[in-house]
Amino acid sequence: MPLSKHDYLDELRWRGLLHQATDEAATARHLTEGRHIYCGFDPTADSLTIGNLVPLMMLVHAQRAGHRPVVVMGGATGLIGDPSGKSAERTLQTREMVESNLHGQRRIFERLLDMTGPQGAIITNNLDWIGKLSFIDALRDVGKHFSVNVMIQKEAVRERLTNREQGISYTEFSYQLLQAYDFLHLRRELGVTVQVGGSDQWGNIVAGGDLVRRVIGEEVFGVTAPLVAKADGGKFGKTESGAVWLTADRTSPYAMYQFWLNADDRDVPRFLRIFTLLPRADVDGLIDVHAQDPGARTAHRALARAATALIHGDDEAQAAEKAASALFSGDVTSLPEATLREAFAEAPSSDHSRALLGGEGVALIDLLVETGLAKSKRESREFLANGSVSVNGRKVGPDDRLTPGHLLHEGLIVLRRGKKNWHLTRWS
RNA sequence: GGGGGCGUGCCUGAGCGGCCAAAAGGGGCGGACUGUAAAUCCGCUGGCGUAUGCCUUCACAGGUUCGAAUCCUGUCGCCCCCA
């Protein structure tokens, strides 16, 4: 199989995606030929978050380097629950839930990975093989190769064993057996020899490698990426409105664009390397510009554009960018109607009767509550008094009312509360 | 089996009969400054139609008292020491 000029490990290394590898020299040698590289994703939700993007990028780079990526959707493991990195036992998901989550996540893999050609990604579901395993088979064929003494040493388990309040169930304790069995199965059936994942997966990956060696006496390899942390110490991937998801139904392209654009200066270089596919020269150039004048936010914009395009496609990224610059240009009034409607395509909006604008007009205090920009009249009053609210880009006070004079393009009024909470009202 | 301690608002954590909707910090939300940043500063942070006001909170259920987060009894949960 032809390999691209980019060496996989080197690529991961400069991008900051390489945390540890099993016998790095041997792994590097192994990767001089095209291999099958796998990563597992448990269907804990019907989408994936930006945090899951890290291991996903490892597969993307594998493919670009000439290897064949194999996605293992955890149809079986998702029913059990991975204790790695979790401080408490989780409630079991129903089979239906796992099943539907699987479908939700599949579209993301298909979008980010090339599904065609000899290097086309393979998407599998470990329920297909784990589901066939009987309890007796599991204990004899898998369990016999594991030492409980070793299992309880794993970080994911150890912490829970010493923690009286939490403990760990036999179910979650067994998780590593299943993931190890995945590796064995994939080695046998698809010739998969490398597993990648986040650093929290190291224990599971090693367990898989051990199993393969014991059963078929062959060496397999593992590579992990570091945990992505934010410069300010906060948890990566969270915003005021919760996690940032990779599908538009949960996080709009616009919201994702904003997420990247608002990245801390210090995080931008790293994010450019990890979350975009921009070539090294471009990245280095951007980092340079960024260091000279972070205020210009050239690198922020490039990051937001590239990362959003990677997930949602070029068109969506472009639209998000246009909307962002329109909204934050300050003067909403001068925007053409089409741009305005486009910019607010994803923002909350509401319809109102135009007749209300006549006479005394509509009190903003009430409207803020109606539109959800404020939770109660009391809060509404507070925001207005603080000068947090603007109508069509102009600040308003507690006693202001909306009249026909506020209408843009014969029927639109733009409300904003705080810096980033927009709402479009339509009047007809 | 015996003995001791703890359970407060989103989180940490003071309060230990009235001055308590409850200190302080964190977080969150607004504002100023800026670059839709960081740092800093200011305000808000149980709910309520605008309040020298009303309602609901200090694990839960009762009780004592003019009055309880604060005292008593029981229940639940957790921690520690001895055996």
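Side chains included, hydrogens not; waters and symmetry mates left out as well; all remaining heavy atoms used.
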| query | Could you give the CG-to-C1' distance, from D265(A) to U36(B), as a whole number of Å? | reply | 12 Å

| Nucleotide nearest S388(A) when distance is taken to its side chain, options G31(B), U36(B), G49(B) | G31(B)

| said: Whole angstroms only, please: what is the CG-P distance between N262(A) and U34(B)? | reply: 18 Å

| Between C1' of G31(B) and CZ of R416(A), the distance in whole Å | 12 Å

| message | Mind checking if A296(A) touches a base, just sugar-phosphate, or nothing, with heavy atoms under 4.0 Å? | response | nothing

| request: State which of C29(B), U36(B), G31(B) makes the closest approach to the side chain of F383(A). | output: C29(B)

| task | Using a cut-off of strictly less than 4.0 Å, decide whether K395(A) has a side-chain nitrogen or oxygen near OP1 or OP2 of A32(B). | result | yes

| request: Tell me whether the centres of the aromatic rings in H290(A) and H300(A) are closer together than 6.0 Å. | output: yes

| Can you tell me if Q179(A) and Q195(A) form a side-chain donor-acceptor pair at under 3.5 Å? | yes

| query | Taking atom types as modelled and ignoring hydrogens, do the side chains of D315(A) and Q318(A) form a donor-acceptor contact shorter than 3.5 angstrom? | reply | no

| field | Pair R95(A) + E99(A), salt bridge at N-O below 4.0 Å | value | no

| query | Side-chain donor-acceptor pair under 3.5 Å between Y175(A) and D42(A), yes or no? | reply | yes

| query | Roughly, in whole Å, what's the span from NZ in K419(A) to P in G30(B)? | reply | 9 Å

| said: Measuring to OP1 and OP2 of G49(B), would you say a side-chain N or O of R378(A) lies under 4.0 angstrom away? | reply: no

| task | Would you kindly give the NZ-to-C1' distance between K377(A) and C44(B), to the nearest whole Å? | result | 21 Å

| request: In whole angstrom, give me the gap between the C1' atoms of U40(B) and C48(B). | output: 35 Å

| message | Applying a 4.0 Å non-hydrogen cut-off, can you work out what E379(A) is touching in the nucleic acid: base, sugar-phosphate, or nothing? | response | nothing

| query | For G30(B), does either OP1 or OP2 sit under 4.0 Å from a side-chain N or O belonging to R417(A)? | reply | yes

| query | So, is N421(A) near the phosphate of G30(B), with a side-chain N or O under 4.0 Å from OP1 or OP2? | reply | yes

| task | Measure the acute angle between the ring planes of F344(A) and W422(A), then classify it against the limits of 30° and 60° as parallel, tilted or perpendicular. | result | perpendicular

| message | Under 4.0 Å, heavy atoms only, any strand: does P294(A) hit a base, just the sugar-phosphate, or nothing? | response | base

| query | Counting any heavy atom closer than 4.0 Å, what does N386(A) reach on the DNA or RNA strands: base, sugar-phosphate only, or nothing? | reply | sugar-phosphate

| Along RNA chain B (nearest heavy atom to each residue), the more 5'-positioned of A263(A) and V389(A) | V389(A)

| task | Measure from NZ on K375(A) to C1' on C10(B) and round the result to the nearest Å. | result | 11 Å

| Does K420(A) have a side-chain nitrogen or oxygen under 4.0 Å from the phosphate oxygens OP1 or OP2 of G30(B)? | no

| remark: R266(A) atom CZ is separated from A39(B) atom P, nearest whole Å, by 7 Å

| query | Just how far, in rounded Å, is P of U36(B) from CG of L303(A)? | reply | 17 Å

